[in-house]
Structures are given as structure tokens and as C-alpha cells.
2 protein chains.
Amino acid sequence: MPKPVIPEEKRRRRRPTKSGTVLSERLIVDAALRLLREHGSAGLTARRLGLALDADPSTLYRYFRGMDDLTLAIGDALIGQALEGWTPTGEWCEDLRTVGLRIHAAYVAHPQAAVLTTSRVTGRANELAADETVLEILRGAGFPLADIVRIYHAFIDQTLAFAALDAASLALPSAALQADEEMWRKTYARLPMATYPRIAEAAPLLATRMVTSAYPTALEMLLDSACRYLDVPLRGAGNCATSHNEPAPANGPIAPLS
Amino acid sequence: MPKPVIPEEKRRRRRPTKSGTVLSERLIVDAALRLLREHGSAGLTARRLGLALDADPSTLYRYFRGMDDLTLAIGDALIGQALEGWTPTGEWCEDLRTVGLRIHAAYVAHPQAAVLTTSRVTGRANELAADETVLEILRGAGFPLADIVRIYHAFIDQTLAFAALDAASLALPSAALQADEEMWRKTYARLPMATYPRIAEAAPLLATRMVTSAYPTALEMLLDSACRYLDVPLRGAGNCATSHNEPAPANGPIAPLS
DNA sequence: CCCTTAAGGTCAATGGCGTTGGCATAAGGA
DNA sequence: TCCTTATGCCAACGCCATTGACCTTAAGGG
């Protein structure tokens, strides 16, 4: 067992644990999700997981290379849930909206798990299926390939990015979460009009809006831009005063600015 | 020291550490940023920080309530860097673009630190100043207050969300990072046309695009939607087939869907 | 139906982590 | 110069992930 690679699902299930249950990847992932919900995103520990499964912590290393490998398996499960049972209607705008909201909702439904997995790229089946779906929807809308890829990129990363952000808020220990929410009601609401005039005048609206997710709004703006672009590919009159013909001018690399 | 609240910046600096240096919040935060860059986002530990400062780990608790408090201070520093030295031009669209790209860049320049702080709300001075700035820009554009708040919310959360997502990629151990990038070139590029036709046809474009940040594209689409909305507040003909009059219809709460 | 074999459990130990209580000492006001 | 106390240090506690050695028992051939 120094570094004995873990056998795949082709394992001939063998010994039950001392309490009688027979382990499996599925069983472990489910237990992990339960632990995450109950103890927070930092509450998934090998010891606790062993305790929850009535098995020794070291047993987990028969199923996963380490805790990181386990989190990838958890992420795969979440993606799978997102589009489970959904079928496209053919209305590209509606379909894109639904897919976005579903993926976002699936992650946000398991915030503590989402925090650990949102930014990981697994290349597994469920992830591929989701990508294929989005590309297919955009193709059906009639975009040229270059625009399909541009919009796909913005759409999927925006969805994952908001999922991660919103999940992170929800995954905070409840004390910190309440503190954050009350920040908008108390701190921000009582800022002096003299030094923070714009925050002060917007405070009531901010207090109600900032405690919700901005994803629906941002998604709608993205869809809006794509819709209008389908009619008028290049920006006509009445746009931003600044001039640039490409809707997505320069995509910098993710960038080691140091 | 059971729970001896930490005195504020009104501390009369006193003893130097045994190696002669006199500690300060600034010094500690800088050292923390250095550690994060060198050892990754999980590499900031009290022990290592103590080592880097030639001070006992427990000394840090004279300056911060705990490691969490320290991360908030780090986040504050990042926000401060983002808008340092910038002044608005008066062109709202350009200003909004610049502010967005600057905040995004500031976080992405310290990916390992950004991972820890992007989703936290501190309510400190630098954060407040940034919020005030964005609201002021939108007000100057002529939006009514309700729209100011709507767009502000989408803009700031989108910026932070992408910053977090992109930072998370960069903060991965370099081995995992290369693996992710090659995933698009190898795994995705060689998927069978039969089962994944859309991915297959888009593969070359995906390979070059997916390894960059989608933030510039998404930001441009948001600005595009806002710009056009300023001219035509309610959606006219030629929009999405699905009907809804509000650009941002239902903002769900961040949502315990359980 | 028994016997071998190795898969898959358990145990114990290692080294790292955040955090805290007690103690020592030097800085700065008097 | 002396006293107070802010601020540093030390040692210890109870977590954590991971690993190597050992043991138990089910699987599957004979």
C-alpha cells in the first residue's frame, strides 16, 4: 500500500466494515455530501468520514487516492444532478436560460461541496455532456461557429463563477453569514451621506438586493446581448461612446501579472 | 489572553521581535502575501508566517483575532491596490470597463490570496470606496436609481465571481494547471465526432479560447446590454422569443434549495 | 467443500496545523 | 529611575491527512 494505485469500479466487493456495511464509492460520496452539509466545507475530514461510515479513516484510501480525488468524485456527482431529466425545448434563449439556472442551482444546492469543486475541470462524462448541450443550443440559434464559442465560453464560465461565489457565501459558518447579511443592513445603511453619498442613497435598495444572487440578472444581460447581437452583429448607433467593433475585443490570458 | 480583543491601529509599537524587527499589520500582511505566492493558497499557516517574520506563531494573535481575520485584512489590501491611482474620465462605459478590469486584475495578480478572500465582505474602507465609485459612475450615466442598483449588483458580483474563478485556476499546483490546459488540447480535441459532434467541431477554437479568461467577454456583454438598455429600456421587437418585460425578472435569494 | 490468496479491512504512529494559558521582558510614561 | 503593561515567547492541547505493518475473511479454483 505505499502507493498502490486504486482499482477502479471493477472491484469485487469484499469485506464488510466491522459494523456490517459494505463500502462503495457511491456510499462514500453520499456520506461526504452529508458531512459537508452538516459540518461546513471545512468539515469534510477523513476522520469524520470514517466515523460516519463506521470505518477506519485509512480505509478511504482503498477507494480514493486522497481527499482531493474524493472531491473530484463529488464534483462529478453535482454536474450529473444539474441536467438530470432535462430536455431542450428548441427555443434557444429559453433553453440557455434553463441550463444556466439549473447548473447554478445544482451547485448552490450543495454549497459546501460546490466550494470545493466548482473550479475543477474533470473532463468526465457529465461535464462533457453539459458542454455538448450548450454548444448544440447555440448552434440551433444560428450563430456562426466563432460566436458560438465566444458566447459558450462567457456563458459557462459565468455560470460556474457565480455558482462558486454564491456557494461560498452560503458555505460560510452561519455566524459569518448573518454578519455578512447584516453588513448591508447596518454598516452600509448607516454610512454618512457626506463621505459616501451614492451608497447612502442606494442603501435601502442595496440591502434588499445584495443578499440575493446576481446570477439571474447577469444571465439575463448576457442573453440580452446575445439576442440583440443576432439581429445587429456589429454595434450600430446609440451604443457606448467608446468605439470598438468587436463585442469581445481582447481576451487576455488568465495572466500571471505577478 | 483568553479572548483579549485586539487593540486597533492605535497601538503604541513596543517590543521588537527577538531578531530585532518591529511587527506591524502591514508587515504581517505583506509577509502573508509573499508566503501565499510561494507556497500556494494552502501554504499560509501561522507557523510558516511566524517563521517568515522570525516571530512566534502565537504572536500573530496580538494583531489578528485568528487566521480568518488575517485573510480579511489581506483582501482589504487587494481591493486597495485595484483602484490605487485611478481617476474617472467621465465616460461611464469606459470607466466601468476600466474599473472592472482593474479589480479583476488585482485579484488575479495574487491568485492564491484571491482564492481566500474574493467571496468575503469586509465592509472596510477600500471596499466601501470601490462600491461608491461604481455607483457614482452609473449615476453619471443617467440610469434611474433602481437600474443603478441592478446593474451595480450584476457588475460587481460578476467581477468578483470571475476573479475568484480565474484565480482558482491559477492557484492550482502547476502540475494540475498544465493538466487542465492540456485537457482542452488533448481530451476535448479527440472526442469522437459521433458522440460529441459539437465539441468536436468547436475543438480547435475551444483549445485556444478556454485557456483564457472569459471575463473581458462577459464584461463586454454586460456593458453592451446596459448601453442598449439606456436607449431602449424595454425590450422591443427582435428579441428573445420568450416574453418577459424586465431585463432582470426574478432574483431568487442565494437560496437554501437543500 | 475446502484451501489458498490477496482484497480490503484495522491499528498505531508521524509530522503538521490553529489556538491558548502562563510567563518574561522591555518600552515609555511618571 | 521605577512601574506598568503591552507585547513577545514557550509549551501544550487536540485536531488533521497520510502511511506502513498487520490481520481477517470472502472469492473462486480444485
Side-chain angles (χ1 to χ4, degrees), chain A residues 1-28 31-32 35-36 39-72 74 116 173 176, chain B residues 1-28 31-32 35-36 39-74 116 173:
Chain A
M1 271 154 250
K3 280 187 175 181
V5 279
I6 313 95
E8 283 311 313
E9 270 313 43
K10 296 316 160 198
R11 62 169 69 226
R12 308 131 66 205
R13 319 286 174 84
R14 306 280 242 102
R15 279 175 73 184
T17 178
K18 70 179 170 189
S19 70
T21 62
V22 174
L23 295 180
S24 69
E25 287 199 7
R26 175 67 194 277
L27 214 62
I28 296 177
L35 273 191
L36 283 169
H39 295 87
S41 49
L44 175 62
T45 72
R47 298 176 119 80
R48 253 203 279 258
L49 193 46
L51 208 62
L53 291 164
D54 235 328
D56 191 88
S58 64
T59 304
L60 301 171
Y61 292 79
R62 304 279 185 199
Y63 292 84
F64 301 98
R65 218 176 289 275
M67 295 304 282
D68 185 75
D69 200 28
L70 173 59
T71 63
L72 287 181
I74 293 172
L116 302 180
Chain B
M1 273 155 246
K3 282 189 175 182
V5 278
I6 315 94
E8 285 310 316
E9 270 314 44
K10 297 316 160 198
R11 62 169 69 225
R12 307 133 66 204
R13 319 288 174 86
R14 303 285 237 104
R15 278 174 77 183
T17 178
K18 70 179 168 189
S19 69
T21 62
V22 175
L23 295 180
S24 68
E25 287 199 6
R26 176 68 194 277
L27 215 61
I28 296 176
L35 273 189
L36 282 169
H39 295 85
S41 48
L44 176 62
T45 72
R47 298 177 122 83
R48 251 202 281 257
L49 191 47
L51 208 62
L53 291 164
D54 237 327
D56 191 89
S58 64
T59 305
L60 302 171
Y61 290 80
R62 304 279 184 201
Y63 292 83
F64 301 98
R65 217 176 289 275
M67 293 305 282
D68 185 76
D69 199 28
L70 172 59
T71 64
L72 288 181
I74 293 172
L116 302 179

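Residue numbers begin at 1 in each chain, while the letters A, B, ... track the order of the sequences. Any value given below was found using the heavy atoms of this structure, including those in side chains, with hydrogens, waters and symmetry copies removed. Just so it is clear, the structure is predicted and the values come from calculations on it, not from any experiment.
One atom, CZ of Phe64(A), and another, C1' of dT18(D), lie 16 Å apart when rounded to the nearest Å. One interatomic measurement links the two molecules: CZ of Arg62(A) to P of dC11(C), which rounds to 14 Å at whole-angstrom precision. We find that CG of Leu23(B) is positioned 16 Å from P of dA26(C), with the value rounded to whole Å. Residue Leu49(A) contributes atom CG, which lies 13 Å from atom P of dT10(C) at whole-angstrom precision. Atom P of nucleotide dT20(C) and atom CG of Asp69(B) are separated by 12 Å, given to the nearest angstrom. Rounded to an integer number of Å, the gap from CG of Leu35(A) to P of dC16(D) is 11 Å. Atom CZ of Arg48(A) is separated from atom P of dG14(D) by 17 Å (rounded to the nearest Å). Here dT7(D) presents its P atom at 16 Å from CG of Leu53(B), a figure rounded to the nearest Å.
The base of dC15(D) is not paired with the side chain of Thr45(A) by any donor and acceptor separated by under 3.5 Å. At a cut-off of 3.5 angstrom, the base of dA17(D) holds at least one donor-acceptor pair with the side chain of Arg47(A).
Within the 4.5 Å cutoff, the side chain of Thr59(B) has heavy atoms near those of the Leu23(B) side chain.
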Pairs of donor and acceptor atoms involving the side chains of residues 41-48 of chain A, under 3.5 Å and at least two apart or interchain, shall be tabulated with distances.
residue, atom, partner, partner atom, Å
Thr45(A), OG1, Arg48(A), N, 3.0
Arg48(A), NE, Gly43(A), O, 3.0

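Checking dT18(D), dC9(D), dG9(C) against every side-chain atom of Thr59(A), the shortest atom distance belongs to dG9(C). For Ser58(A), the side-chain atoms get nearest to dT19(D) when compared with the rest of dG8(D), dT18(D), dT19(D). Counting only heavy atoms from C-beta on, Ala46(B) has its side chain closest to dG18(C) among dC9(D), dT18(D), dG18(C).
Contact annotation: Tyr63(A) reaches the phosphate of dG9(C) (side-chain N/O to OP1 or OP2, under 4.0 Å).
Residue Ile28(A) holds its CD1 atom at 11.5 Å from CG of Leu35(A), rounded to the nearest 0.5 Å. Atoms CD1 and CE, on Ile74(B) and Met67(B) in that order, are 7.5 Å from each other to the nearest 0.5 Å.
For Asp68(B), the salt bridge (charged side-chain N to carboxylate O under 4.0 Å, His left out) partners two or more places apart in sequence, or in a different chain, are Arg120(B).
With the nearest nucleotide of DNA chain D identified for both Ala55(B) and Pro57(A), Ala55(B) has the one nearer the 5' end.
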